[in-house]
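Below is one structure, written out as structure tokens, with a few remarks after it.
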Amino acid sequence: MAPAVLRTVEEVKAWAAGLAREGRRLALVPTMGYLHEGHLSLIREGRRRADVVAVSIFVNPTQFGPKEDLSRYPRDFEGDLTKCGEAGADVVFAPTPEVMYPPGYQTYVEVTEVSQGLCGERRPGHFRGVATIVTQLLALFRPAVALFGEKDYQQLQVIKAFNRDLHLGVDIVGMPTVREPDGLAMSSRNAYLSTEERQRALSLSRGLRAALTLLHGGTRDAVALTGAVRHELAAAGLREDYVALVDAERLTPLDVVTPGRAARLLVAAFSGNTRLIDNMALGG
């Protein structure tokens with residue numbers, strides 16, 4: 001069955017209020033649409049954790065920079081609606097920018113620490129836009145749980161931080177990155193890649209696996225671990241944006257992987273003109 005489509009703030013409030021009166025537990029899956037198996041895994045997990053699942057589909061303009069790909073970001077609303085229904089979503093919220101940012105809008109949410117460096121440094125204002133729209137969605141739906149993919153790892157830590165600091169009380173769940181059979185992390189932006197660019201993009205996951213192999217062999221030094229990723233990127237002709245070994249929660253740089261301390265290895269690089277990101281847990 002196709003999910004119901006909500007378009008306005010008033011519709012969402014009325015629908016969520018009805019759930020609250022009935023005492024039904026809600027899971028929310030915020031997306032920008034052009035859904036793939038990674039998104040669908042979040043919907044299915046939401047169905048497992050709650051009575052009702054809502055999905056938002058909104059290409060949020062405030063998280064795109066002036067030179068980024070807002071106008072050409074891939075969209076397929078009818079296809080997304082079908083996929084949402086098949087995965088178990090009950091409702092899809094698909095507002096216009098004017099609904100979320102009406103005339104006179106002036107309030108933004110900024111997380112000051114985990115938003116710094118990495119994608120936050122390369123995409124100024126990006127995480128302010130993410131934090132603002134997700135805060136709006138959590139305030140509208142008042143879900144018990146909200147689900148996000150670990151591929152956007154820094155984004156996940158930003159969301160966890162403001163949820164904690166603003167006492168929103170939502171169970172923020174990070175779900176494992178879903179990959180293509182050849183290892184490429186699923187992303188809506190993969191649609192931009194030519195056949196050759198997609199093949200070269202495999203160097204991100206290949207580099208992360210090479211670093212994990214080094215770690216299993218006893219290498220814990222950040223220079224060596226990040227170097228394994230850089231070697232694969234260079235061999236494939238990708239332009240590195242960053243490669244970093246960081247604390248898994250605070251995202252502060254690490255010199256070594258320490259037993260008992262969760263670490264994350266993150267990479268961003270360009271295959272052609274398409275910027276791709278990936279990451280992997282190391283240690284912990």
Side-chain angles (χ1 to χ4, degrees), residues 30-39 57-77 79-80 83 97 115-134 148-158 177-211 226-246 251 264-280:
T31 82
M32 292 208 301
Y34 208 70
L35 304 183
H36 52 66
E37 181 58 31
H39 299 109
I57 295 177
F58 180 61
V59 182
N60 177 33
T62 66
Q63 68 190 70
F64 288 77
K67 296 182 180 180
E68 293 185 329
D69 57 349
L70 174 61
S71 62
R72 71 185 190 102
Y73 192 85
R75 294 164 170 86
D76 178 20
F77 183 71
D80 288 345
K83 291 175 182 176
S115 66
Q116 302 303 304
L118 306 169
C119 287
E121 179 180 342
R122 271 64 176 188
R123 303 181 67 188
H126 170 67
F127 288 123
R128 186 179 83 149
V130 169
T132 299
I133 193 61
V134 176
F148 301 86
E150 288 187 345
K151 184 185 75 68
D152 297 290
Y153 191 78
Q154 188 175 16
Q155 170 180 284
L156 177 61
Q157 301 313 306
V158 167
T177 300
V178 176
R179 299 181 181 277
E180 302 285 358
D182 57 9
L184 183 67
M186 288 191 176
S187 169
S188 299
R189 287 187 170 91
N190 290 349
Y192 300 153
L193 299 171
S194 68
T195 301
E196 179 190 358
E197 289 167 348
R198 191 195 179 288
Q199 189 63 31
R200 292 195 288 127
L202 295 175
S203 60
L204 278 80
S205 58
R206 191 163 53 237
L208 292 170
R209 291 196 304 271
T226 56
V229 181
R230 291 190 168 104
H231 173 77
E232 294 293 342
L233 297 180
L238 265 65
R239 176 163 58 92
E240 175 192 330
D241 198 10
Y242 65 76
V243 181
L245 178 70
V246 299
L251 303 187
R264 208 86 184 186
L265 185 57
L266 296 96
V267 55
F270 290 86
S271 185
N273 293 321
T274 303
R275 185 178 184 272
L276 303 171
I277 61 174
D278 203 347
N279 68 86
M280 182 173 287

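Taking OH of Y153 as the reference point, atom CZ of R264 lies at 4.5 Å (rounded to 0.5 Å). L193 contributes atom CG, which lies 11.0 Å from atom CD of Q199 (distance to the nearest 0.5 angstrom). In this structure, the separation between NE2 on H126 and OG1 on T62 is 9.5 Å, given to the nearest 0.5 Å. Taken from SG in C119 to CD1 in I277, the straight-line distance is 5.0 Å, to the nearest 0.5 Å. Between L266 atom CG and D241 atom CG the span is 12.0 Å, to the nearest 0.5 Å. We find the CZ-OG distance between R230 and S203 to be 13.5 Å, quoted to the nearest 0.5 Å.
Closest approach of Y192 and Y73 over heavy atoms only: OH-CA, 3.2 Å. Closest of all the heavy-atom pairs between G120 and Q154 is N-OE1, 3.5 Å. Residue S115 comes nearest to F127 through the heavy atom pair O-CD1, 3.8 Å, listed as atom of the first residue, atom of the second, then distance. Between T177 and K151, the closest heavy-atom pair is OG1-N, 3.2 Å. Annotation for A244 and L118: closest pair CB-CD2, 3.7 Å, computed over non-hydrogen atoms. Residue R200 comes nearest to A236 through the heavy atom pair CD-O, 2.9 Å, listed as atom of the first residue, atom of the second, then distance.
With contacts defined as side-chain heavy-atom distances shorter than 4.5 Å, the pair D182/R198 qualifies. At a threshold of 4.5 Å between non-hydrogen side-chain atoms, the residues V130 and N60 do not count as touching. For the pair V158/V134, no side-chain contact is recorded, criterion being any heavy-atom separation below 4.5 Å from C-beta on. You'll find the side chain of S188 stays beyond 4.5 Å of the side chain of M32, heavy atoms only. At a threshold of 4.5 Å between non-hydrogen side-chain atoms, the residues H39 and D80 do not count as touching.
D278 and R209 are not joined by a salt bridge, as no carboxylate oxygen comes within less than 4.0 angstrom of a charged side-chain nitrogen. Electrostatic pairing of D76 and K83 does not count as a salt bridge here, judged by no charged N lying under 4.0 Å from a carboxylate O.
Counting non-hydrogen atoms of other residues, nucleotides and ligands closer than 6.0 Å to NE2 of H36 gives a total above 12.
In this structure a side-chain-to-backbone donor-acceptor pair under 3.5 Å is missing from S271 to T274.
Here D152 pairs with nothing under the salt bridge (charged side-chain N to carboxylate O under 4.0 Å, His left out) rule; sequence neighbours left out.
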